[in-house]
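Below is one structure, written out as structure tokens, with a few remarks after it.
Sequence lines set the chain letters: A, B, ... in the order given, protein chains first and strands last, and positions in each chain run from 1.
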2 protein chains.
Amino acid sequence: MRKPHHAIVSIAIAALTAIALPTAAYSQAAVSYDELAKNEAAANAENGKRVAPVKSIVNPSNDVSSDMQAMIGAPFPPHFNADPKSASEWKELIERRAKLSIANVPTMKEKLGVKVEETKIAGVHCFIVTPNRILPENRRRLLVHVHGGGYVFGPGEAALPEAIMMAGFGGFKVISVDYRMPPDFPYPAAMDDAMAVWKEVTRTHDARRMAIFGTSTGGAMTLAMVLRAKDEKLPKPAAIAPGTPWSDIDKVGDTYASNEWVDNVLVTWDGWLGRAAKLYANGTDLKNPYISPIYGDFKGFPPTILTSGTRDLFLSNTVRTHRKLRRAGVTADLNVYEGQSHAQYQFNISAPETKEAFTDIAKFFDRHLKE
Amino acid sequence: MRKPHHAIVSIAIAALTAIALPTAAYSQAAVSYDELAKNEAAANAENGKRVAPVKSIVNPSNDVSSDMQAMIGAPFPPHFNADPKSASEWKELIERRAKLSIANVPTMKEKLGVKVEETKIAGVHCFIVTPNRILPENRRRLLVHVHGGGYVFGPGEAALPEAIMMAGFGGFKVISVDYRMPPDFPYPAAMDDAMAVWKEVTRTHDARRMAIFGTSTGGAMTLAMVLRAKDEKLPKPAAIAPGTPWSDIDKVGDTYASNEWVDNVLVTWDGWLGRAAKLYANGTDLKNPYISPIYGDFKGFPPTILTSGTRDLFLSNTVRTHRKLRRAGVTADLNVYEGQSHAQYQFNISAPETKEAFTDIAKFFDRHLKE
């Protein structure tokens, strides 16, 4: 019974050696490329599955800035497999990560020239993020931001980085919603808060001058907010920008497998991410469209711009959303960045790709929002 | 010296078992997900590279048609690692594959309602592909098609499938160029033929009513034709559709690694594909923009629509092209299909994704071509 086992291990060894890992130890077991090809062909002789060997993938060099390469080549984040066993363990992890995020906020505000004020809208804690310079065409426009973080990370000021980048790079005024999150507040608290803000703000602002945006969890919430606005007969935004949205909260979608252990931001659904999904859903069906908006009806959605990367664990979430929007007749734009893992277009304001991504979104909003 | 070797092999085994391959033999060596996560974290502790374990990836199920799933889950093609040692061995392989392609042409023509005529344009053998029903807005429009096949496959009628699909699904008249290829005619014969046809056709047709399209090698040629039209002061087409273009003919680009052995159409650059690249280039620098158009200047390009899939070996070729076009200020649209390997959107006219891809391209042409 050990034979098939051996066969596969030899593929792994073959793969390692064929790509010339710089370790002398592998050279003894070296097999040729042709042998690897034969092993792979044999492992893939059946229909319905794909077997890929161990891979060592170097950084992409072409068309990728050095700042971005540093992010792409970084080790996995220490918390990728965090498994908090209690509410207090979750809070400790959330707090620890929030501190790291918040530490960058003052420099970010200064470099991008924005100011931040706290407020309450419909009883929900929010930040108003205002750029020092608002372009004339943006004076009456307003964006609503829902932050990412797997429905657990990004409380308080830790929600701000993306809102600051959009305000700074795009020249828009932004309301960032500091929605309630697990462990204390599972679904539907986050969505209820976001919708309460949307409902309140659209009373005094023309929704044709408004957009909603967010990345990852914020991308899923952006989509789910439009679904709820449709269902609740509220005004819809004039455009949305769900960045690499967590549109299927379950491990469903091809790149959950193909980019597993390749994406160095989320790494795998089976780590903290899937645990946060279950904590948030709290027993609600993961296919509920307000939790996994890919299962919603996208008919009548406003123009949508999506962003992802070739190594993104959520590349499938992104392209499934893009295609479903197009199939529903919605104007939908897609940007996929070379080599980037999940949401890396928004982790470093110095990387040219960051400015590029936000500028592309800002141009899209400019095309679709009334002045 | 065997220790690091062992460590990596155990990752491989762990990966195999964690994903529960249906073979009892693996269960004895089973390690937990947590062990796999630890091994992977250790293997990825250094900057600048990514080590992914052996993977077994099942077919994507959601939003993917059963026809497309059958293609996605198929074994590697028998010729993926073909290594012809002489001109006659190349010809034998080319002929064998051409026969398979040509066998489908009559049914395709009938099902999609198109007729095919042979002709010579500027001395180059071409096919005129005409749909039985041309929409009124397309009556004066004309498309030029350059087929794919790594600059070696697709001679004669084997060039036709994509042209027939575009004519049939899109309702356009198409000229398909049966350009010369290696082993007898390396670079620049293919490009010279395509340009001779373009030059001749634009003498009698308004280029504002014309588009160029092609997939893979045809996608690279489409891009290179615009580069040459710019350089030679010829009219440019009103729009182009390079499908998953071979824009970098060398093994440069992230998904050449990340989707290697995952893409079940091209599989790896190191097989027939890279061998064909060298045969075609015939000593010319692989970074020559007429061979690898990603190194050309995209300023002034016409609106471009690109198509790829999440498992496509050329996903990076596609997105690098998309981004470079956007950076040059060009209108550029991107469609990426869930789970598809290279160009699978054009292998089966019954798959709904095939109709979808060609319809999207046709709509794009309709938006940008003069009536």
Side-chain angles (χ1 to χ4, degrees), chain A residues 1-2 4-5 8-9 11-13 16 23-26 29 33 37 40-41 44-60 62-63 73-76 81 252-255 257-258 261-262 264 270-271 310-311 315-316 319-320 323-324 326 334-339 360, chain B residues 1-2 4-5 8-9 11-13 16 23-26 29 33 37 40-41 44-60 62-63 73-76 81 252-255 257-258 261-262 264 270-271 310-311 315-316 319-320 323-324 326 334-339 360:
Chain A
M1 282 307 278
R2 297 203 68 87
H5 178 190
I8 302 288
V9 171
I11 292 172
I13 298 168
L16 279 166
T23 311
Y26 299 125
Y33 159 79
E40 268 295 299
N44 285 281
E46 278 166 51
N47 280 301
K49 64 161 182 162
R50 187 68 46 241
V51 179
V54 170
K55 285 183 193 176
S56 180
I57 308 170
V58 296
N59 268 11
N62 280 67
D63 319 334
F76 296 158
N81 195 27
V252 175
D254 205 44
T255 61
S258 62
W261 313 110
V262 173
N264 70 335
D270 293 320
T310 59
R311 294 191 189 185
L315 176 59
S316 284
V319 306
R320 287 175 66 201
R323 290 249 57 81
K324 190 164 178 179
R326 289 252 176 135
L334 174 66
N335 280 324
V336 179
Y337 280 85
E338 168 73 343
D360 244 31
Chain B
M1 282 309 278
R2 295 202 69 86
H5 179 190
I8 302 286
V9 171
I11 291 172
I13 298 168
L16 279 166
T23 311
Y26 299 124
Y33 159 79
E40 268 294 300
N44 285 281
E46 277 166 53
N47 280 302
K49 63 159 185 166
R50 187 70 46 240
V51 178
V54 170
K55 285 184 193 174
S56 180
I57 307 171
V58 297
N59 268 13
N62 280 68
D63 319 334
F76 296 158
N81 194 28
V252 175
D254 206 44
T255 61
S258 62
W261 312 110
V262 172
N264 69 336
D270 293 320
T310 61
R311 295 192 188 183
L315 176 60
S316 284
V319 307
R320 287 175 66 201
R323 290 249 58 80
K324 190 165 178 177
R326 289 254 177 134
L334 174 65
N335 280 325
V336 179
Y337 280 85
E338 168 73 342
D360 244 32

Please report the closest heavy-atom contact between [X] and [Y], naming both atoms and the distance.
X: A:Ile57; Y: B:Ala257; value: CG2-CB, 3.8 Å
X: A:Ala45; Y: B:Pro75; value: O-CG, 3.3 Å
X: B:Val336; Y: A:Val319; value: O-CB, 3.2 Å

Exercise. Among A:Thr310, A:Val58, A:Asn59, whose side chain to side chain contact (heavy atoms under 4.5 Å, CB included) with B:Asp254 holds?
Worked result: A:Thr310
Measuring heavy-atom distances to chain B, does [X] have an atom under 4.5 Å in its side chain, in its backbone, in both, or in neither?
X: A:Ala74; value: both
X: A:Glu338; value: both
X: A:Val252; value: side chain

Problem set entry | Evaluation steps, side-chain contact (heavy atoms from CB on, under 4.5 Å), between A:Val262 and B:Lys55 | CA-CA 11 Å; A:Val262 173; B:Lys55 285 184 193 174; 3.8 Å; yes
Exercise. Taking 4.0 angstrom as the limit, do B:Asp360 and A:Arg326 come out as a salt bridge?
Worked result: yes
Exercise. Does the distance from a Lys or Arg side-chain N to an Asp or Glu carboxylate O, for A:Arg323 and B:Asp63, drop under 4.0 Å?
Worked result: no
Exercise. Could you walk me through whether B:Leu334 and A:Asn335 pass the side-chain contact (heavy atoms from CB on, under 4.5 Å) check?
Worked result: CA-CA 7 Å; B:Leu334 174 65; A:Asn335 280 324; 6.0 Å; no
Seminar exercise, completed: Looking only at B:Arg311, B:Arg50, B:Lys324, the option with the highest number of non-hydrogen pairs under 4.5 Å against chain A is B:Arg50
Exercise. What distance separates B:Trp261 CH2 from A:Asn44 CG, expressed to the nearest 0.5 Å?
Worked result: 9.0 Å
